[in-house]
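Report on the structure given below.
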Amino acid sequence: MPSTATPLFAEPLHVGLPNVGDRVRLMERINGALDRLWLTNNGPLVREFEARIAALTGARHCVTTCNATTGIQIAAKAAGIRAGDEVIVPSFTWVATAHALEWIGIVPVFCDVDEETGTADVAHVERLIGPNTRGILGVHVFGYPCDIEGLSALARRYGIPLLFDAAHALGCTYRGRPIGGFGSAEIFSFHATKFINTFEGGAIVTNDDELAERARAMRQQGLDAEHRVAGPGTVARMNEICAAMGLTALEAMDSLIEVNRRNHGHYEEGLAGVAGVRVRPMAPDEHANYQYVVIEIDAEVAGVHRDVVNDILLGHNVLSRRYFDPGCHLDEPYRSNTSRHAPLPLPRTEALTDRVLSLPTGPAIGPAEISGICEIIRQAVPAYGPAEALV
Ligand code: T4K
């Protein structure tokens, strides 16, 4: 940890502070659930939340879950992927993407990414397709949509399901269409740190009627609409309190995007001209939720490594996060068995993971805080030249 005598910020600035929305509305909804004494198992708030997410994404079905990790597992099973099958996933993601599969015996095989978008490199995905490949799981990392057209063409050619981990991508678009309606299914996260949160939660969104029906049964002990056991299942449903939070947060969605977009712009202005430092852009000509502000620090050009800047920020109470370093292929259990999980080196993932740093955003911070954070970064970069002391 750095030794900063006086931190610039007295209170910590977080990445991922929850967006709560109108607290009075939230409590009204929670009180309604308590009055009804209907707390879980497909209650009215969950059904309303599912309808809102389906409408927002333009997809026919939304099946909520207790989190996205379990959502990925259920979506994979509902798409017919079985234990022992291989699924190609990018290594540049939160480890949940890979662990969700590994935990149920599906083998994640890591592909490299396109450095500009951070998403799966379609050519590399194709090179990894082998006799045991039964699926592709793309990740719209930081809300940047995958090359959906390229991955869809591969999935069609090889006759395998295509899923998307859309944990970061609610409110984002691909070629003008909302994320949520692509591939066999897309999975959102509504964890507390996500753009729209339900304390904990997730959703499988799909246009496939049968996949939706299977997923709906699987998340509730395999019970079908007539309450008969139709197959194996687990318990992965969302409860009414979580849906109350989700509905309330959704009401604030437009203003959240506006705040995040403004903050993103302030960071771009504050770091403009700092050699070797850039704010990762959102996809051009698309809608984005701007939930993550991710900078890249090229150590050779900036004259300082990302980790040093991170330590300096932490010393000033700016709780930046190294999302996502290292790549999953270098995490246990995958790095011990690279011949199974990552048959090739992943040079672009490793270059990217060495540069990225997520910075605080959201309604809790504004231009003054961002200007302070940018000043800390500018002073940390020798290539930028000496600046006035902060403290
Ligand atoms: N796929 C992708 C691509 C994902 O990024 C994730 C989750 C998933 C799948 C799985 O989704 P879920 O199954 O969880 O629904 C955080 C989140 O916990 C994790 O959900 C998220 N990705 C990941 C990118 O970030 P951690 O371990 O870095 O941090 P955490 O949650 O302890 O706290 C992060 C920051 O947020 C801290 O500075 C404190 C602040 N915070 C956190 C919580 C929970 C708050 O201020 N309030 C809170 O309630 O993983």
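Note that ligands are numbered from 1 as they come in the structure, with each ligand's atoms numbered from 1 the same way.
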Taking 4.0 angstrom as the limit, do Arg340 and Glu102 come out as a salt bridge?
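The answer is no: the pair does not qualify as a salt bridge.
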Salt bridge check, Arg348 against Asp121: does any charged N sit closer than 4.0 Å to a carboxylate O?
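Salt bridge between Asp121 and Arg348, a charged N being under 4.0 Å from a carboxylate O: yes.
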Among residues two or more places apart or on two chains, list those pairs meeting salt bridge (charged side-chain N to carboxylate O under 4.0 Å, His left out) that have a residue in residues 200-214.
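As it turns out, the salt bridge (charged side-chain N to carboxylate O under 4.0 Å, His left out) pairs with a partner in residues 200-214, which skip direct neighbours, are Arg60-Asp209.
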Applying salt bridge (charged side-chain N to carboxylate O under 4.0 Å, His left out) as the test, list every pair that has at least one member in residues 148-163; sequence neighbours left out.
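For residues 148-163, and leaving out neighbouring residues, the salt bridge (charged side-chain N to carboxylate O under 4.0 Å, His left out) pairs sorted by first residue read Glu126-Arg157, Glu149-Arg175.
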Name the one of Val63, Thr234, Asn41 that satisfies side-chain contact (heavy atoms from CB on, under 4.5 Å) with Gln220?
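Answer to the side-chain contact (heavy atoms from CB on, under 4.5 Å) test with Gln220 among Val63, Thr234, Asn41: Asn41.
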Taking only residues two or more places apart in sequence, or in another chain, which ones meet Cys62 in a side chain to side chain contact (heavy atoms under 4.5 Å, CB included)?
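Listed in chain order: Glu50, Ile53, Ala54, Thr64, Ala203, Val205.
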Using a cut-off of under 3.5 Å, which N/O atoms of ligand 1 pair up with protein N/O atoms, and what distance separates each pair?
residue, atom, partner, partner atom, Å
ligand 1, 1 (N), Asp165, OD1, 3.3
ligand 1, 1 (N), Asp165, OD2, 2.6
ligand 1, 5 (O), His168, NE2, 2.7
ligand 1, 11 (O), Ser189, OG, 3.4
ligand 1, 13 (O), Ala68, N, 3.3
ligand 1, 13 (O), Thr69, N, 2.9
ligand 1, 13 (O), Thr69, OG1, 2.6
ligand 1, 15 (O), Ala68, N, 3.0
ligand 1, 15 (O), Ser189, OG, 2.8
ligand 1, 18 (O), His191, NE2, 3.4
ligand 1, 20 (O), His191, ND1, 3.3
ligand 1, 20 (O), Lys194, NZ, 3.2
ligand 1, 22 (N), Lys194, NZ, 2.9
ligand 1, 25 (O), Tyr323, OH, 3.0
ligand 1, 28 (O), Arg321, NH2, 2.8
ligand 1, 28 (O), Tyr323, OH, 2.6
ligand 1, 29 (O), Arg321, NH2, 3.1
ligand 1, 36 (O), Val15, O, 2.9
ligand 1, 38 (O), His14, ND1, 3.0

